[in-house]
Amino acid sequence: MTIRLGDLAPDFEQDSTDGPIRFHEWAGDSWVVLFSHPKDFTPVCTTELGAVAKLKPEFEKRGVKVIGLSVDPLESHRRWVGDIEETQGAALNFPLLADSDRKVSDRYGVIHPNANDTFTVRSVFVIDPSKKVRLTLTYPAATGRSFEELLRVIDSLQLTDKFGVATPADWSQGEDVIIVPAVTDEQAKVKFPNGWKTLKPYLRVTPQPGA
Ligand code: BEZ
C-alpha cells in the first residue's frame, strides 16, 4: 500500500515495548511521528533511536507523540534497548512496535522488496491530530535520518496550519515567512499588520506571525 499526503493514517493494533497499542486511540489528539527502522542490533538504527529519545522533550513541546516500528519481535526490542542506553546515553522513552506479522508494515508500505524483502525501510510519517498524513520520507538503510529536520517540518506544519502562511527554503522558527499567493494584498493588510516586503508579486515575505 502506498500512503500519500492527506490520506487517513491506517489504524492498527500491535504489540510494543509499552504493551499492546491501538494506534488511533493511543494517538488521541496529538500529532504523531511514526518511523520505521530496518533492524534491531544494527549501528545506524541504534544511533537513530538514541537521537529520538534525546529529542523527546522537543517533540512533547510541540504536542507530538513518537513511535518506532520494525518487524523484530518484542523480546529482541527488549534486549536491544540496553544497548541504546549504554552507547547513546539515552534510555528508550517511547514505544517501539514489534511488527513480526508485518500488519503495520504492510499497511504503511514500509517493506520495499527491491531494497530488501525482509526488513522495513527507514520511513517517517508525520500524522496530524485529525489522523491525516502530512509528511512522508524514506531514507536508504545506510543513511541515518535528521530528527532535527523533522522538528523543523513540524514547526512549519503547525505554523502554516494556524496562520495560512508558507515557509521558505531552510526556514526555521522565528524567521520570516511567505504570504501565500491566494491571499490578496487587501487581505494581507488585515492578516499581517506588521507589513510585508514584495520581492515579486508572487513572493511576499512577512515576519513570522505569533513569534
Ligand atoms: C543500520 O541500522 O546500521 C543498518 C541497517 C540495515 C542496513 C544497513 C545498516
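In this text the structure is predicted, and so the values were computed from the model without any measurement. One is the number of the first residue; the rest follow in order along the sequence. Counting convention: from 1, in listed order, for ligands and their atoms alike. Values reported hereafter were calculated over all heavy atoms of this structure, with side chains retained and with hydrogens, waters and symmetry mates removed.
- Side-chain N/O atoms of S16 and D18 include no donor and acceptor closer than 3.5 Å.
- Shortest contact from atom 8 (C) of ligand 1 to any protein heavy atom: A141 CB, 3.9 Å.
- The protein non-hydrogen atom at the shortest distance from atom 4 (C) of ligand 1 is R122 NH2, 3.6 Å.
- Close approach to V44 involves these atoms of ligand 1, each under 4.0 Å from a residue heavy atom: 1 (C), 2 (O), 3 (O).
- With sequence neighbours left out, F147 forms a side-chain contact (heavy atoms from CB on, under 4.5 Å) with F35, E48, A51, V52, L55, R145, L150.
- Taking a cutoff of 4.0 Å between a charged side-chain nitrogen and a carboxylate oxygen, R79 and D40 do not qualify as a salt bridge.
- Comparing C45, P43, P38 by heavy-atom distance to atom 2 (O) of ligand 1, the nearest is C45.
- Below 30°, between 30° and 60°, or above 60°: for F125 and Y108 the angle between ring planes is above 60°, a perpendicular geometry.
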